[in-house]
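First, the structure itself, so that you have it in front of you.
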Amino acid sequence: MSESEGNASTEAIHAEQIHKRFGALEVLKGVNLSARKGDVVAIIGGSGSGKSTFLRCLNCLDHPTSGSLRINGEEVRFKPDGHGDLAPASRQQIRQLRSRLAMVFQNFNLWQHRTLLENMIEAPVHVLGVPRKQAIEEGKRLLDRVGLNDKHDAYPAFLSGGQQQRAAIARALAVDPLAMLFDEPTSALDPELVGEVLKVIQSLADEGRTMILVTHEMAFARDVATRVVFFHNGVVEEEGPPSEFFSNPQSERLQKFLSNFN
Amino acid sequence: MFIAFGAFALGLVIGMFGAVGKLYGGAVAREGLELYTTIVRSVPELVLILIVYFAGADLINAVIGLFGQDPIEINGALAGIWVLGFVQGAYSTEVIRGAILAVPQGQIEAARAYGMGSFLTLRRVTLPAMLPYAIPGLSNLWLIAMKDTALLAVLGFGELTQITRQAAGATKSYFTFFLAAGCLYLIASLVSNFLARRLERRARRGIA
Ligand SMILES: Nc1ncnc2c1ncn2[C@@H]1O[C@H](COP(=O)(O)OP(=O)(O)OP(=O)(O)O)[C@@H](O)[C@H]1O
Ligand SMILES: [Mg+2]
């Protein structure tokens, strides 16, 4: 049995040499990153180092300038988009991938004109074609799971940030994701609300969900991650298991970055 | 009222496509729509109504003439709907375009991130989310549509105003009849306002 075959069954995300430029600004300069199923990869790094951009390239919300991408063993096909970047060659494929790569945003981005339960069923029903009744049951179950038992019919704007983010996580779970992409899920929250959201994310890690998590919560990254990746200036400067990564950082830049948090 | 409603509805349809075209369309569509909204909104309505009506009638008859048919008399109500709808469409386009721009970008981004294509995003997220921002402007347009039917009287097929003039002319009691007509317009406006407010309240249910 060859090694690549062995990888294929456990690999969730494999990104190779991802470049991204916005005009003259090269934000990603060849990022390599892969995650096996069940991995929790925490991405840390300074502001502007390209963390969000990389996450958005994974589901093609931003078009990478060059590079290759494999999700769940399936190569994402690209073609030039006419602006110097790569657009997905097949809309069908990218829609399918996106619907299974659930994204959780810094600002929640729940659909404001829909109740929490309606938010839950939107993608399953209209993108994945799940029968409505089944989606509603599942949506209720997921809202209960994140502790929003009594808020099914509430509109997002009337909830606290912590509640909204928990609902957004439930919305992500509702598409039965291959992997979840978190972009600083607690950065927009009041400090006293951070804990409740981290607890939900922790529980997802415990059940073996594949996650890529951009965060500034170092203590949490150390607890929850199977691997930590340090972005600097558009490249992966250093990576490793959290124990070594935090206690024995190799590069000077990472040492300096981590010292800001102590 | 029928003309006003038809014109308003036609205006809405034009406005919907116009706004989407202006925001997401190609360069040609954008320029064309810009020309349309700019011209229609800067020329006085009465002038526009006359131009569109007579130019439209000529055009239709010219086309018909090509096929060797006799010129036709244009149906008043239908012409009114087309003429006013064309004017309303320009205003609707701007109202809806502004409302779409007021929708937080994150809502649309979330739709894309969950695999919705552009049409689905428009139907399930952008359009319903822009409603609360569009309803005040659109209800104004509806009031204008109602009152503009009075202008159609100059083409000889107004609704209320035209009938009022005939009635007043026949009985010579101008003041009574025009006062009555004014009251009818007022009542229609008040009812419309009431309905618009309820619609708006419903559309805003998700806004804190
Ligand atoms: N759409 C865009 N157009 C132009 N420049 C952009 C765009 N998106 C991001 N950038 C630039 O790319 C760089 C990296 O941005 P990115 O959001 O990926 O950083 P980040 O690591 O997520 O930072 P932060 O911790 O502040 O969220 C920044 O300099 C930003 O200004
Ligand atoms: Mg960011």
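Sequence lines set the chain letters: A, B, ... in the order given, protein chains first and strands last, and positions in each chain run from 1.
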Does any heavy atom of chain B fall under 4.5 Å from the side chain of A:Arg171, the backbone, both, or neither of them?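 Backbone plus side chain of A:Arg171, per the 4.5 Å heavy-atom cut-off to chain B.
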Can you name the closest pair of heavy atoms from B:Gly206 and A:Ala157 and give their distance?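 What the structure gives for the nearest pair is O-CB, 3.3 Å.
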Listed by number, the residues in residues 8-33 of chain B that come under 4.5 Å of chain A (heavy atom to heavy atom) are none
Between CZ on residue B:Arg204 and OH on residue A:Tyr155, distance to nearest 0.5 Å: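 That separation rounds to 13.5 Å.
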Is A:Leu110 in contact with chain B via its backbone, its side chain, both, or neither, using a 4.5 Å heavy-atom distance?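 Just its backbone gets close to chain B.
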Contacting region of A:Leu101 [heavy-atom separation from chain B under 4.5 Å]: backbone
Neighbour count >12 (heavy atoms, 6.0 Å) for atom CZ, B:Phe5: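 No, the 6.0 Å shell around CZ holds no more than 12 heavy atoms from other groups.
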Region of A:Asn59 that comes under 4.5 Å of a non-hydrogen atom in chain B: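 The side chain, not the backbone.
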Interface residues of residues 103-135 of chain B facing chain A - non-hydrogen atoms under 4.5 Å apart: B:Gly106, B:Gln107, B:Glu109, B:Ala110, B:Ala111, B:Arg112, B:Ala113, B:Tyr114, B:Gly115, B:Met116, B:Gly117, B:Leu120, B:Arg123, B:Arg124, B:Val125, B:Pro128, B:Ala129
Give me each pair satisfying side chain to side chain donor-acceptor pair (under 3.5 Å) with a member in residues 75-87 of chain A, each pair once, sequence neighbours excluded. A:Lys20-A:Asp85, A:His63-A:Asp81, A:Thr65-A:Asp85
For atom CZ of B:Arg205, decide whether the heavy atoms of other residues, nucleotides or ligands shown that lie under 6.0 angstrom number more than 12. yes
If one checks every heavy atom of A:Ala154 against chain B at 4.5 Å, the contacting part turns out to be neither
Do any pairs count as a salt bridge (charged side-chain N to carboxylate O under 4.0 Å, His left out) and have a residue in residues 35-50 of chain B, sequence neighbours left out, and if so which ones? none
